[in-house]
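Report on one structure; see the data block that follows.
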Amino acid sequence: MCACVCVCIVLTICYLIGSYQGDIHGNFRDLSCFEKVLWRMGPVLTPAKFLFLGDYVDRGKHGFEVVAYLFAQKLLTPSKFMLIRGNHEIRVVQESFTYKWECVEKFGEQLGVEVWEATNKVFDVLPLAAVIDKKIFCVHGGIPHPDLCEGLISSINDIPTNLPNPMESNLLAWEVMWNDPIRQDDIDASIEEQLAINNGFIDNFARGTAHMFSAEALNDFLKKNDLSHVIRAHEMKAAGFQIQQHGRLLTVFSSSLYCGASNEAACVLVDNLKIRTIRLDTT
């Protein structure tokens, strides 16, 4: 699954599906709805590619089914289905949530752990980002701190592709899976001062790990890499998506009714550098 590189190149037309359950987060029902709407005749006969932005497991009840379906589609149409890694495709995170327990409950103690480990061996080699038409950077979390890579996406390709424990072995990988844009409402005088002296980054006080980044940091990143936009997942949005940071960043979330909330599910269509958001009726 693009294990030779950490950034995969995608040409349009491309649908981006994110969920925090990239995020599809074990929500097989919504995944089936996407199938009926976007590739009803199968991906082979659909004139588009499909990029999934991570977080396939945890929280939802059907993480294994989601993973099995996506892996099968990847095997059947390797040039059509592309999967990148989210922050829940990490063993230590899953052990704090539900995916390991789900595998044990469905397959028994011994086989369940074997199934869990087998799927994680695939997660270990998933790409961490994608670039569409050389202009749109796609990632699960966000842009990395420039101290880790000088702000260049080419540095992501230097990350080892077999990465079982990114928290301990590679901070750059950890950041692209965990970083968030900072909300304008959260910026007070103290935070503004910290952003000014840290290249537009601040410790991620919401998650307790990685960083948040400002619109100015995003603009610097886009300019340095000759990009136009960033599309990411990682955060639930009530409408299924949110346009942020002066229209240069788009968050998409593809799991409706997330953890009991009333949010909608959405995906993004990129066609010849035009970006459209699509909300999904999952009722």
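FYI, side chains are in, hydrogens and waters are out, and symmetry mates aren't considered; it's all heavy atoms of this structure. Because the structure is predicted, anything quoted here is derived from the model rather than measured.
You'll find the ring centres of Phe97 and His88 inside the 6.0 Å limit. For an aromatic pair to be called close, the ring centres must be under 6.0 Å apart, and Phe81 with Phe52 satisfies this. Taking the six-membered ring wherever Trp is involved, the centroid distance between the rings of Phe123 and Trp116 does not fall below 6.0 Å.
Here the options are His234, Glu235, Gln244, the test is side-chain hydrogen bond (donor to acceptor under 3.5 Å, both in side chains), and the partner is Thr251; only Gln244 passes.
Comment: Glu102 engages Lys106 in a salt bridge, judged by a side-chain N to carboxylate O separation of less than 4.0 angstrom. In this structure, Asp226 does not pair ionically with Lys134, as no charged nitrogen and carboxylate oxygen lie closer than 4.0 Å.
Applying the salt bridge (charged side-chain N to carboxylate O under 4.0 Å, His left out) definition to pairs two or more places apart or across chains, those involving residues 242-269 are Glu264-Arg279.
Here the shortest heavy-atom pairing between Ala210 and Asn179 reads CB-OD1, 3.0 Å.
When the ring-ring contact (aromatic ring centres under 6.0 Å, His included) test is applied to Phe64, the partners found at least two apart in sequence or on another chain are Phe107.
Atom OG1 in Thr277 sits 14.0 Å away from atom NZ in Lys237 (nearest 0.5 Å).
Relative ring orientation between Phe201 and His211 is described as perpendicular, the plane-to-plane angle rising above 60° on a 0-90° scale split at 30° and 60°.
Taking Ile, Leu, Val, Met, Phe, Trp and Tyr as hydrophobic and joining them when side-chain heavy atoms fall under 4.5 Å apart, one finds Leu76 isolated, its cluster having no other members.
For Leu152, the CG atom counts as densely surrounded, since its 6.0 Å shell holds more than 12 non-hydrogen atoms of other residues, nucleotides or ligands.
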Next item on the list: Go through the steps to decide whether Arg183 and Asp186 satisfy the test salt bridge (Lys or Arg N to Asp or Glu O under 4.0 Å), and finish with yes or no.
Entry: CA-CA 5 Å; Arg183 298 188 310 166; Asp186 290 333; 3.1 Å; yes
Check: Do Lys100 and Glu117 pass the salt bridge (Lys or Arg N to Asp or Glu O under 4.0 Å) test, and can you show the C-alpha distance, the side-chain angles, and the key distance before you say yes or no?
Finding: CA-CA 9 Å; Lys100 185 176 183 180; Glu117 180 61 28; over 6 Å; no
